[in-house]
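So the structure is just underneath, and the comments pick up after that.
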Protein chains: 2
Amino acid sequence: MSLLPKTARGEHSRAAIFEAALALFQERGYEATTMRAIAERAGVSLGSSYHYFASKEHLVLEFYRHTHQLHLVAIGPLLARERDLAARLRGVIRAVVVTCEPFHAFAGAIFGTVANPVSPLNPFGKDSKALRDEVIELYAEVVKGSDARLPDDIVTELPTLLWLYQMGILYFWIFDKSPGRLRTLEVIDQTTELMVRLLGLANLPVLRGSRKKILSLVRSVAQGA
Amino acid sequence: MSLLPKTARGEHSRAAIFEAALALFQERGYEATTMRAIAERAGVSLGSSYHYFASKEHLVLEFYRHTHQLHLVAIGPLLARERDLAARLRGVIRAVVVTCEPFHAFAGAIFGTVANPVSPLNPFGKDSKALRDEVIELYAEVVKGSDARLPDDIVTELPTLLWLYQMGILYFWIFDKSPGRLRTLEVIDQTTELMVRLLGLANLPVLRGSRKKILSLVRSVAQGA
DNA sequence: ATTGCAACTTGAACGTGTTCACTTTTACTG
DNA sequence: CAGTAAAAGTGAACACGTTCAAGTTGCAAT
């Protein structure tokens, strides 16, 4: 049972535990970091860690919230200034990998847990719903704040698709060993441009039938999860 | 260190361990099955299990090989008879989920391990290369054996894309709680039809530019992994 | 038959994440 | 201030996956 602290002392402990975990994850990697080491560095007992975080995996969930906040801060100016959809998308997704760069070394170990349908961290699950909705809402903002004219049915489903797209990019980024993670940045530039191009074609007569089918499919799949 | 058996006795032990693991995974699920329980049911010691399988996860890799064999047997007649690409695709992918149906209950627990970039089971990794190549080769056969006329550049990249598509379907299938897994079958029918339709459109002038870009992107991504 | 050696087998021991019955501290009430 | 209940904290104990040094088996060569 993971509890929110109700006293100043509790808040301090919880923060110390998370900070110790984050530091150790970066120093040694996720698996080499033991709960005992985290507790020791945080200056609390092993049992106390479990008072605030239900499991080692839940520390990772907190890590996601943390990077999401960093991401939001990083893209604030861009979203306020830029109106072109392709540029907004490119900037936001680029900011994701830039924000996560300091954690690249242990991100791989974490992704497995996240993709695990059984894990409490799995993006389609209950524990991560709040954060998921926040991220999807962010992409709704990316679309709505642009000057692109898109059909309503697309506007409805696009944020969820962009959320999935972001996860795909992160998965690629994890494997990316190129210097400065340049390959990932290239892929981001190409895919965002391509997506916006295809969105522009969505009203072509030959494609309208497919578009309806695709959107109906997307709705059906999104609802299932 | 996981070793292949060199004597009849060794083969018997290895088979017994795998069969015990498979049975227990089905009865209790992946995580509730302990290596001790597997060893006990197989009639060997705990240490012997590790003589043939480097880890609990490697038992899952063997499980993949097993289901792949079942899948190959199941689709043999279809591939020999049917020439229509959409029908071949639909049949092959449907056969995947039908073959895996008996293992649905514990498939979820396994997928996390598979998606984990750090795990030896991760599909892009070394240990699973042989099996991955086999599956991609299967989809090459699905495409080549059809009467569809596709541009060479597409024929080259399509098998890998279909392999990825199959994994996507399996991920959806894991979450599917509908009776008889009907939703998954529906999604398969819709997506295969859609894909073949889009492949037919790939030569349209408006799309040719995008197609080149998409294929170049696919090549770049596939090579990265 | 004896030897030698590789294949095979064993289970105690290690470090891990997690649990839980218990103690200590904190904050509030009368 | 005393009392008390909630919050915070503790560490021994548990079951697990994994390792390893030592043991046993079977067979080919001498």
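Note that the structure is predicted; figures quoted are calculated from it, not measured. A note on names: the letters A, B, ... follow the listed sequences, proteins ahead of strands, and every chain is numbered from 1.
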Heavy atoms from C-beta onward define the side chain here; which of C:dA7, D:dT18, D:dG9 lies closest to that of B:K6? C:dA7
Rounded to whole angstrom units, what separation is found between the CG atom of B:L46 and the P atom of C:dT9? 13 Å
When you measure from the side-chain N and O atoms of A:R14 to the phosphate of D:dA8, is any distance below 4.0 Å, counting only OP1 and OP2? no
Contact class for A:T7 vs. all strands (heavy atom < 4.0 Å): base, sugar-phosphate, or nothing? sugar-phosphate
For B:T33, report the nucleic acid contact type (base, sugar-phosphate, nothing); a contact means any heavy atom under 4.0 Å. sugar-phosphate
With respect to the side chain of A:V44, which nucleotide from D:dT18, D:dT10, D:dG11 is positioned closest? D:dT10
To the nearest Å, give me how far apart CD (A:E40) and C1' (D:dG11) are. 14 Å
If each of B:G47 and B:T34 is mapped to the nucleotide of DNA chain D with the nearest heavy atom, which maps nearer the 5' terminus, i.e. the 5' end? B:T34
Kindly compute the distance separating CD1 (B:I169) from CE (B:M167), expressed to the nearest 0.5 Å. 12.0 Å
Once you apply a heavy-atom cut-off of 4.0 Å, does B:R36 come out as touching a base, just sugar-phosphate, or nothing? base
Please report the distance, rounded to the nearest Å, between CG in B:L59 and C1' in D:dT18. 13 Å
For C:dC8, take OP1 and OP2 only and decide whether either is under 4.0 Å from a side-chain N or O of B:S13. no
Whole angstroms only, please: what is the OH-P distance between A:Y52 and C:dG17? 20 Å
Using atom CZ of A:F53 as one end and atom C1' of D:dG9 as the other, report the distance to the nearest whole Å. 15 Å
Minimum-distance nucleotide (side-chain atoms of B:S45 versus C:dT10, C:dA12, D:dG9): C:dT10
Counting any heavy atom closer than 4.0 Å, what does B:G10 reach on the DNA or RNA strands: base, sugar-phosphate only, or nothing? sugar-phosphate
Output the distance between atom OG (A:S128) and atom OH (A:Y64), rounded to the nearest 0.5 Å. 10.0 Å
Would you call the rings of B:Y171 and B:F111 parallel, tilted or perpendicular if under 30° counts as parallel and over 60° as perpendicular? tilted
With a 4.0 Å cutoff (strictly under), does any side-chain N or O of A:Y50 reach OP1 or OP2 of C:dC20? no
Apply the test side chain to side chain contact (heavy atoms under 4.5 Å, CB included) to residues A:L158 and A:V143: give CA-CA distance (whole Å), side-chain angles for both, the deciding distance (0.1 Å), then the verdict. CA-CA 8 Å; A:L158 197 51; A:V143 173; 3.8 Å; yes
Tell me whether the side-chain N/O atoms of B:H51 come closer than 4.0 Å to OP1 or OP2 in C:dT9. no
Spacing between B:I38 atom CD1 and D:dC16 atom C1', to the nearest angstrom: 12 Å
Atom NE2 of A:H58 to atom C1' of C:dG17: distance rounded to whole Å? 14 Å
Can you classify the ring geometry of A:F106 versus A:F103 as parallel (below 30°), tilted (30 to 60°) or perpendicular (above 60°)? perpendicular
Measure the distance from CD on A:E31 to C1' on C:dG15 and round it to the nearest whole Å. 14 Å
